Amino acid sequence: MNIYFLGTGTSQGIPIIGSTHPVCKSTDYKDKRLRVSLWISWEDHSYVIDCGPDFRQQMLASDCQKVDGILFTHEHSDHTAGLDDIRPFNFRQGEMPIYAHERVIENLKKRFDYVFETENRYPGAPSVKTIEVINNVPFVLADKTVTPINALHGDLQVFGYRIDNFAYLTDVKTVAPEEVEKLKNLDVLVLNALRIDPHNTHFNLQEALDFIALVKPKKTYLTHISHLLGFHEEVQKQLPENVFLAYDNLTITL
């Protein structure tokens with residue numbers, strides 16, 4: 001299974017428009033972060049987790065030729081605003097399966113009403129097939145079982161996803177003990193770590209490290225990173241040997 005980090009940034013991306021912060025001015029490509037998203041592929045199967053406003057750019061940069069479905073973590077725009085850009089896949093493949101909490105599906109129907117229109121439908125509009133993700137109900141992608149991981153992003157419910165011994169959690173602040181149990185015996189965990197200082201809806205770096213110590217995956221890659229975490233190279237030197245800062249276009253193989 002190949003894991004491709006399409007984007008590893010927070011909601012504004014890095015650099016932030018108009019910012020003079022040193023990280024935003026960095027010339028290191030690892031400090032330039034599009035909105036957070038992940039591409040998972042194995043054999044002839046290809047899935048994306050979240051499609052934010054940088055989705056088109058990410059698909060071009062990664063040379064992704066096929067997407068069999070999109071899994072959504074939650075409805076915030078940095079995770080969903082690229083939905084219109086699935087059209088090239090629609091034209092080649094037909095309707096796109098999207099997997100999300102019922103609340104997220106209803107939110108998308110309001111914001112992208114033309115996508116879900118059944119009468120007087122514009123012929124070039126994106127086309128989707130909705131599949132509701134329910135907590136404690138695993139579902140199947142091709143030949144793999146996906147386990148939803150229920151968590152809180154402040155007060156908002158979000159889903160993480162476990163596939164085999166890989167798990168992806170972003171925009172997480174609180175994870176209940178029964179959900180932590182679903183994350184045991186991981187080879188790789190991808191986890192959000194927004195910045196150094198505490199935040200009311202995201203793990204900061206220390207909270208992420210504490211959660212890693214609780215779950216004990218073999219390796220962890222940190223994502224959903226803001227400029228306030230610091231320069232990639234400097235932060236990486238301070239991390240435990242099995243914890244890595246992810247960066248855009250990083251690929252790992254499980």
Side-chain angles (χ1 to χ4, degrees), residues 5-17 19 21 23-24 31 33-38 48-55 70-83 99-108 110-111 133-135 147-162 167-180 182-183 189-215 217 220-230 232 235 239 243 245-248:
F5 289 85
L6 295 165
T8 57
T10 186
S11 58
Q12 297 181 81
I14 303 172
I16 294 173
I17 295 170
S19 175
H21 190 281
V23 173
C24 290
D31 287 325
R33 303 180 184 276
L34 299 177
R35 266 62 74 93
V36 68
S37 182
L38 200 75
V48 169
I49 303 180
D50 289 335
C51 64
D54 301 316
F55 183 71
I70 300 171
L71 287 68
F72 286 105
T73 58
H74 63 296
E75 64 268 43
H76 285 168
S77 286
D78 53 324
H79 300 259
T80 59
L83 185 61
Y99 301 78
H101 191 284
E102 180 184 20
R103 182 198 73 247
V104 176
I105 293 171
E106 292 305 311
N107 180 275
L108 293 175
K110 292 179 182 177
R111 293 167 54 211
V133 178
I134 302 170
N135 190 36
T147 301
I149 310 298
N150 203 42
L152 288 176
H153 174 32
D155 294 329
L156 180 69
Q157 181 275 344
V158 298
F159 273 133
Y161 297 103
R162 177 173 181 157
Y168 181 80
L169 290 174
T170 189
D171 290 52
V172 164
K173 179 67 174 182
T174 308
V175 185
E178 60 270 22
E179 301 300 314
V180 173
K182 300 175 184 177
L183 297 168
L189 170 66
V190 177
L191 184 67
N192 60 289
L194 184 70
R195 64 190 193 188
I196 301 299
D197 291 337
H199 190 275
N200 61 344
T201 63
H202 294 269
F203 279 161
N204 69 350
L205 179 58
Q206 187 57 57
E207 289 169 329
L209 293 175
D210 291 344
F211 188 77
I212 293 164
L214 179 65
V215 174
T220 301
Y221 291 82
L222 301 178
T223 192
H224 204 286
I225 294 163
S226 85
H227 61 298
L228 298 176
L229 187 62
H232 180 280
V235 176
L239 296 177
V243 179
L245 281 192
Y247 53 89
D248 289 17

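What you see below is based on every heavy atom in this structure, not just the backbone, and it leaves out hydrogens, waters and symmetry mates. None of the values given here were measured: they were computed from a predicted structure.
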> Which residue pairs pass the salt bridge (Lys or Arg N to Asp or Glu O under 4.0 Å) test with at least one member in residues 147-157, sequence neighbours excluded?
Replying inline: none
> Which pair of heavy atoms, one from Ser226 and one from Ile14, lies closest together, and at what distance?
Replying inline: C-CD1, 3.4 Å
>> Suppose we screen for side chain to side chain contact (heavy atoms under 4.5 Å, CB included). Which residues come up paired with Glu207, at least two apart in sequence or across chains?
In response: Lys173, Phe203, Asn204
> Taking C-beta and beyond as the side chain, do Val175 and Leu214 meet within less than 4.5 Å on heavy atoms?
Replying inline: no
> Quick one: side chain to side chain contact (heavy atoms under 4.5 Å, CB included) partners of Asp248, sequence neighbours excluded?
Replying inline: Thr8, Arg33, Leu34
> Do you know which two heavy atoms are closest between Gln157 and Arg103, and how far apart they sit?
Replying inline: O-NH2, 2.8 Å
> Taking the side chain as C-beta and beyond, is there a heavy-atom pair between Thr10 and His224 under 4.5 Å?
Replying inline: yes
>> Thr73 vs Asp171, test: side chain to side chain contact (heavy atoms under 4.5 Å, CB included). Steps then yes/no.
In response: CA-CA 9 Å; Thr73 58; Asp171 290 52; 5.8 Å; no
> How would you list all residue pairs meeting side chain to side chain donor-acceptor pair (under 3.5 Å) that involve residues 190-199, not counting sequence neighbours?
Replying inline: His199-Thr201
> Is Asn107 close to Lys110 at the side-chain level, that is, under 4.5 Å between some pair of heavy atoms?
Replying inline: no
> Angle class for the His227/His21 ring planes (parallel below 30°, perpendicular above 60°, tilted otherwise)?
Replying inline: perpendicular
>> Between Leu169 and Leu183, does the side chain to side chain contact (heavy atoms under 4.5 Å, CB included) criterion hold? Intermediate values first, please.
In response: CA-CA 10 Å; Leu169 290 174; Leu183 297 168; 3.7 Å; yes
>> Tell me every residue that passes ring-ring contact (aromatic ring centres under 6.0 Å, His included) with Tyr168, counting only those two or more places apart in sequence or in another chain.
In response: none
>> Check whether Asp31 reaches the backbone of Val23 with its side chain - one donor and one acceptor, N or O, closer than 3.5 Å.
In response: no
> So how far is it from Ile17 CD1 to Gln12 CD, rounded to the nearest 0.5 Å?
Replying inline: 8.0 Å
>> If you define the side chain from C-beta out and look only at heavy atoms, does anything of Asp50 sit under 4.5 Å from Phe72?
In response: yes
> Can you name the ring-ring contact (aromatic ring centres under 6.0 Å, His included) partners of His74, sequence neighbours left out?
Replying inline: His76, His79, His153
>> To the closest 0.5 Å, what do you measure between OG1 (Thr170) and CG (Leu194)?
In response: 9.5 Å
> So, do Ile196 and Leu229 sit near enough that their side-chain heavy atoms are less than 4.5 Å apart?
Replying inline: yes
> What residues, two or more places apart in sequence or in another chain, satisfy side chain to side chain contact (heavy atoms under 4.5 Å, CB included) together with Asn135?
Replying inline: Asn150, Phe159, Glu179, Lys182
> Would you say Ser37 and Val48 make side-chain contact, with heavy atoms under 4.5 Å?
Replying inline: yes
>> With a 4.5 Å cut-off on side-chain heavy atoms, are Val172 and Phe211 touching?
In response: no
> Are the side chains of Leu222 and Ile212 in touch, meaning some heavy atoms are under 4.5 Å apart?
Replying inline: yes
> Residues in side-chain hydrogen bond (donor to acceptor under 3.5 Å, both in side chains) with Thr80, at least two apart?
Replying inline: Arg111
>> Just to verify, what does Ser11 make a side chain to side chain contact (heavy atoms under 4.5 Å, CB included) with, not counting sequence neighbours?
In response: Asp78
> Taking only residues two or more places apart in sequence, or in another chain, which ones meet Glu102 in a salt bridge (charged side-chain N to carboxylate O under 4.0 Å, His left out)?
Replying inline: none
